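Convention: sequence-line order gives letters A, B, ...; per-chain numbering from 1. Since this is a predicted model, take the numbers as computed values, not measurements.
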2 protein chains.
Amino acid sequence: MEHRIDRIKKQLHAQSYKLTPQREATLRVLLEREEDHLSAEDVYLLVKEKAPEIGLATVYRTLELLSELKIVDKINFGDGVSRYDLRKEGAEHFHHHLVCIECGSVEEIIDDLLQDVEKIVQKDWGFQVKDHRLTFHGICKQCQEITVEVT
Amino acid sequence: MEHRIDRIKKQLHAQSYKLTPQREATLRVLLEREEDHLSAEDVYLLVKEKAPEIGLATVYRTLELLSELKIVDKINFGDGVSRYDLRKEGAEHFHHHLVCIECGSVEEIIDDLLQDVEKIVQKDWGFQVKDHRLTFHGICKQCQEITVEVT
DNA sequence: AAATTAGATTATAATTATTATAAATATAAA
DNA sequence: TTTATATTTATAATAATTATAATCTAATTT
Ligand SMILES: [Mn+2]
Ligand SMILES: [Mn+2]
Ligand SMILES: [Zn+2]
Ligand SMILES: [Zn+2]
């Protein structure tokens with residue numbers, strides 16, 4: 001964790017941004033909840049536990065900054081809020097998501113499954129791919145089992 | 001166009017919804033601008049040209065209804081608004097998008113490029129895929145050409 | 001046909017997420 | 001230390017979306 005923060009600190013400094021206590025607190029929340037998909041409000045409430053004086057606008061600005069630096073990715077699963085997701089260290093692209101339409105759970109796929117598809121897009125559409133968002137909507141393992149039991 | 005409306009009318013009736021004049025006007029706007037990616041507000045302004053007495057809330061409710069029936073798909077490209085996109089007739093899944101980070105253009109890919117990936121997700125993650133959202137972010141053909149010229 | 005009912009729409013208010021602004025504070029440079 | 005710059009706080013403003021109540025429409029029953 002400390003190593004990770006250090007490396008991000010360097011990324012910030014490289015672009016002449018500082019790692020203020022507020023930014024660090026925000027980052028720590030994101031690291032502690034790496035599997036989750038927190039909204040700005042969610043992050044704000046969690047940061048408040050560590051640093052009660054932080055303002056919501058600062059959280060928004062910090063998340064915006066971290067997005068620009070590609071440290072976090074901003075994603076929207078169709079409910080009205082943006083969610084912020086730490087990019088896996090060293091990952092070229094945003095990872096994929098499985099959203100269950102029964103229970104609402106969100107699972108992550110870290111493997112990049114789109115390499116072949118991207119080659120096709122590049123070749124057949126002449127589009128130079130820089131990043132992607134891929135979300136599958138369907139029924140998760142657990143919910144499938146429940147359905148079978150009920151039947 | 002009339003045929004298409006007729007078929008959608010039947011889909012509505014099958015679920016015991018009516019095709020009111022307001023709903024029809026909304027649908028016509030979506031059909032006329034099939035390539036576009038209109039926000040609720042955009043749709044509202046265009047519908048108003050045909051049916052000036054329509055209310056914004058009705059447009060929202062109509063779009064919501066059409067989403068439920070899978071006649072339109074709701075998507076968010078990361079600016080703060082939801083956009084509504086007619087599903088191609090007979091398509092099992094939502095089509096894909098290419099968003100240019102230079103000029104903001106949105107191009108559509110109608111071919112389903114995810115069949116193989118979905119098989120893997122199904123097999124290796126035990127997730128039963130019902131639908132997907134795939135958006136590539138990158139540089140469109142035109143913007144690439146401009147870049148070359150400038151260089 | 002008249003009365004009844006359920007569904008849909010309008011106009012408006014309320015809510016929620018996000019962004020902008022101005023004053024205060026902290027940090028770095030001179 | 002003084003000065004300049006960056007950042008944060010508190011608050012106001014904006015924008016998107018949803019909720020509410022009154023009204024209207026069209027179908028159904030009497
Ligand atoms: Mn994730
Ligand atoms: Mn589209
Ligand atoms: Zn589930
Ligand atoms: Zn472009």
query: Expressed in angstrom and rounded to an integer, what is the separation of A:Y60 atom OH from D:dT11 atom C1'?
result: 15 Å
query: When you match B:P21 and A:K18 each to their closest nucleotide on DNA chain D, which lands nearer the 5' end?
result: A:K18
Test log, rule side chain to side chain contact (heavy atoms under 4.5 Å, CB included), inputs A:D36 and A:D42: CA-CA 10 Å; A:D36 292 346; A:D42 294 338; over 6 Å; no
message: Between C1' on D:dC24 and CD1 on B:I54, what's the gap in Å once rounded to a whole number?
response: 15 Å
query: What's the CD-C1' distance between A:E24 and C:dT27, to the nearest Å?
result: 16 Å
query: Any side-chain heavy atom of B:M1 sitting closer than 4.5 Å to one from B:E32?
result: yes
message: Could you tell me how far apart A:N76 (CG) and C:dA17 (P) are, to the nearest whole angstrom?
response: 12 Å
message: Need one value for B:R61: base, sugar-phosphate or nothing, where a base atom within 4.0 Å counts as base even if backbone is also close, heavy atoms only.
response: base
statement: Taking D:dT7, D:dT9, C:dA8 as options, the one with an atom nearest any side-chain atom of A:Y17 is D:dT7
task: Would you mind classifying the nucleic acid contact of A:T58 as base, sugar-phosphate or nothing, using non-hydrogen atoms under 4.0 angstrom?
output: base
query: Between C:dT9 atom C1' and B:L65 atom CG, what is the distance in whole Å?
result: 14 Å
- request: Look at all strands and tell whether B:E41 reaches a base, only sugar-phosphate, or nothing, counting heavy atoms closer than 4.0 Å.
  value: nothing
- request: Could you tell me which non-hydrogen atom of A:H97 sits nearest to which non-hydrogen atom of A:F77, and how far apart they are?
  value: CG-CZ, 3.7 Å
task: Look at the side-chain N and O atoms of A:Q22 and state whether any lies under 4.0 Å from the OP1 or OP2 oxygen of D:dT9.
output: yes
query: Under a 4.0 Å N-O cut-off, is there an ion pair linking B:K70 with B:E92?
result: no
query: Roughly how many Å is it from CG in A:L19 to P in C:dA28, rounded to a whole number?
result: 12 Å
task: Could you tell me the separation between the CG atom of B:L66 and the P atom of C:dA8, rounded to a whole number of Å?
output: 13 Å
- prompt: Is there a side-chain contact between B:I54 and B:K48, using heavy atoms and a 4.5 Å cut-off?
  reply: yes
query: Touch check for B:S82, heavy atoms < 4.0 angstrom, all strands: base, sugar-phosphate only, or nothing?
result: sugar-phosphate
Closest listed nucleotide, where the reference is the side chain of B:A40 and the choices are C:dA8, D:dT17, D:dT8: D:dT17
- prompt: Between C:dT9, D:dT8, C:dA8, which one does the side chain of A:T20 approach most closely?
  reply: D:dT8
- line: Which of C:dG7, D:dT7, C:dA20 is nearest the side chain of A:A57? It is C:dA20
- line: When rounded to whole Å, the CZ to P distance for the pair A:R83 and C:dT16 reads 15 Å
- prompt: Given D:dA19, D:dT17, C:dG7, which nucleotide is nearest the side-chain atoms of B:L56?
  reply: D:dT17
